[in-house]
Amino acid sequence: MALVNEHYLKLAAGYLFPEIGRRVNDFVKSHPGKKVIRMGIGDVTQPLAPAVIKAFHEGVDEMARKETFKGYGPEQGYEFLREAIAEHAFRSRGASVSAEDIFVSDGSKCDTGNIQEIFGNENRIAICDPVYPVYADTTVMSGKTGKIGKNGYYEGIIYLPLTAGNHFVPEFPSQVPDLIFLCYPNNPTGAVASLEELKKWVDYALEHKSILFFDAAYEAFIRDETIPHSIYEIENAEKVAIEFRSFSKTAGFTGTRLAYTVIPSELMAYDKAGNAVQVKKLWNRRHTTKFNGVSYPVQKAAAAVYTDQGKKEVQATINYYMENATLIRERLSHCGYTVYGGENAPYIWVKTKDNMPSWEFFNLLLHKAHVVGTPGSGFGPSGEGYFRFSAFADRDNVLEAMERIENL
Ligand SMILES: *Cc1c(COP(=O)(O)O)cnc(C)c1O
């Protein structure tokens with residue numbers, strides 16, 4: 001008799017985005033001809049930069065000739081790309097990251113989920129609430145939790161509430177976690193963490209021999225020069241932090257696929273006898289066993305993001321999205337909404353009026369303004385009463401959506 005992995009049976013049934021899709025489809029079916037504007041899902045809308053496309057084509061042409069054809073590449077990623085990342089994403093900001101400690105992959109979603117398997121199930125994991133759902137779901141799948149409770153919390157996870165009161169940066173919990181997921185700039189709240197706030201968490205991890213999983217998928221959207229882009233801008237972070245980065249939002253690679261994880265050589269975890277084990281060594285073992293690298297043309301395309309032309313073009317697209325964010329922020333606050341985020345992140349986190357529940361506000365916007373956003377409660381119980389707007393949209397649609405909301 002074949003047995004399933006019962007941890008999967010603990011997962012809460014309704015995943016957020018399918019539920020949104022279902023409600024939107026029902027509305028469209030019963031209201032044919034109405035134009036629905038989607039500002040819900042966190043996916044980019046602008047095409048790849050010309051410099052990236054040029055390198056992508058060159059990579060494909062190389063694969064077409066016997067002299068330049070490439071088979072399996074290095075599992076950790078081509079050195080030309082890892083060197084470019086180390087230089088342009090880290091050293092240029094004063095964070096010393098070695099190309100040797102970078103692992104290229106096909107996505108941060110996979111990396112933030114897969115990282116769990118090199119850590120024992122006895123670890124206590126801390127996760128923010130609200131949160132990018134992948135961290136919690138993969139923690140459940142890996143077997144580190146009990147069942148989900150009526151409050152929407154899984155037994156065994158230490159939840160760190162993100163509220164307006166703590167500016168959406170968590171305080172230390174009463175129980176000390178071993179592994180801590182942090183995401184800044186934050187999805188879904190659009191908040192950023194200052195150097196001092198990140199330093200507090202690095203020091204906390206050093207004190208407790210804990211490890212930070214730092215997801216910096218949105219670092220390219222930071223405009224305030226005092227905000228760190230990388231956890232490695234904090235002293236001693238290389239001893240306690242893994243950083244996840246992705247080209248998905250930065251350079252529009254959601255459909256092209258390229259990301260990377262940094263695991264510094266200095267980072268240690270422990271066996272039950274208390275002996276230090278190099279985390280990078282375990283991840284390298286996993287990566288080389290279960291992964292065979294990202295396609296060569298895609299790695300070549302990614303490296304072009306760091307050329308002068310690539311940088312300029314990618315920045316122009318980010319500016320476009322951030323102009324959307326500014327518009328959304330300003331127009332919604334003008335309508336009397338309290339808005340957070342949207343200044344150093346492509347998400348705007350809006351408090352509903354009169355504590356209206358998130359899903360009720362979703363239905364109101366869908367039926368009265370034909371605008372789709374994401375209910376805050378879908379990201380966790382502390383998101384109740386909030387709503388997320390994404391700045392990944394076309395300008396015309398943003399303007400029309402804001403006008404419709406103003407006319408509600
Ligand atoms: C979009 C996103 C990612 C990127 O995931 P990919 O698999 O690289 O596309 C990572 N973390 C967060 C919080 C995100 O919102």
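Atoms within a ligand are numbered from 1 in the order they appear, just like the ligands themselves.
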Does the distance from a Lys or Arg side-chain N to an Asp or Glu carboxylate O, for Glu219 and Arg93, drop under 4.0 Å? no
Answer yes or no for Thr254: is there a heavy-atom contact with ligand 1 below 4.0 Å? no
Nearest protein heavy-atom contact for atom 9 (O) of ligand 1: which residue, which atom, what distance? Ser248 OG, 2.6 Å
Looking only at protein heavy atoms, which one is nearest to atom 15 (O) of ligand 1, and how far off is it? Tyr218 OH, 2.6 Å
Hey, are the side chains of Trp359 and Glu19 touching, using non-hydrogen atoms and a 4.5 Å cut-off? yes
Is any NZ, NE, NH1 or NH2 atom of the basic residue among Lys199 and Asp203 found under 4.0 Å from an Asp or Glu carboxylate oxygen of the other? yes
Could you find the nearest protein heavy atom to atom 11 (N) of ligand 1 and give me its residue, atom name and distance? Asp215 OD2, 2.7 Å
Which atoms of ligand 1 are found less than 4.0 Å from any heavy atom of Gly107? 7 (O), 8 (O)
Can you confirm, on distance only, whether ligand 1 has an N/O atom lying under 3.5 Å from any N/O atom belonging to Asp106? no
Dump the intermediate steps for side-chain contact (heavy atoms from CB on, under 4.5 Å) on Trp349 and Asn186, then the final yes or no. CA-CA 10 Å; Trp349 190 240; Asn186 188 252; over 6 Å; no
In terms of residue, atom name and distance, what is the protein heavy atom nearest to atom 1 (C) of ligand 1? Lys249 NZ, 1.3 Å
Does NZ or CZ of Lys144 lie under 6.0 Å from the centre of the six-membered ring of Tyr154, at an angle within 45° of the ring axis? no
Could you list the atoms of ligand 1 found under 4.0 angstrom from a heavy atom of Lys109? 5 (O), 6 (P), 7 (O)
For ligand 1, is there an N or O atom under 3.5 Å from any N or O atom of Ser246? yes
Indicate yes or no for a side-chain donor-acceptor contact from Tyr184 to the backbone of Phe214 under 3.5 Å, with no hydrogens or angles considered. no
Enumerate the atoms of ligand 1 whose separation from the nearest heavy atom of Cys183 is less than 4.0 angstrom. 13 (C)
Indicate yes or no: does an N/O atom of Tyr347 lie under 3.5 Å from an N/O atom of ligand 1? no
Quick one: does ligand 1 sit under 4.0 Å from the side chain of Phe247, the backbone, both or neither, non-hydrogen atoms only? neither
Are any non-hydrogen side-chain atoms of Tyr135 and Phe213 less than 4.5 angstrom apart? no
Cation-pi between Lys351 and Tyr337: NZ/CZ under 6.0 Å from ring centre and within 45° of the ring axis? no
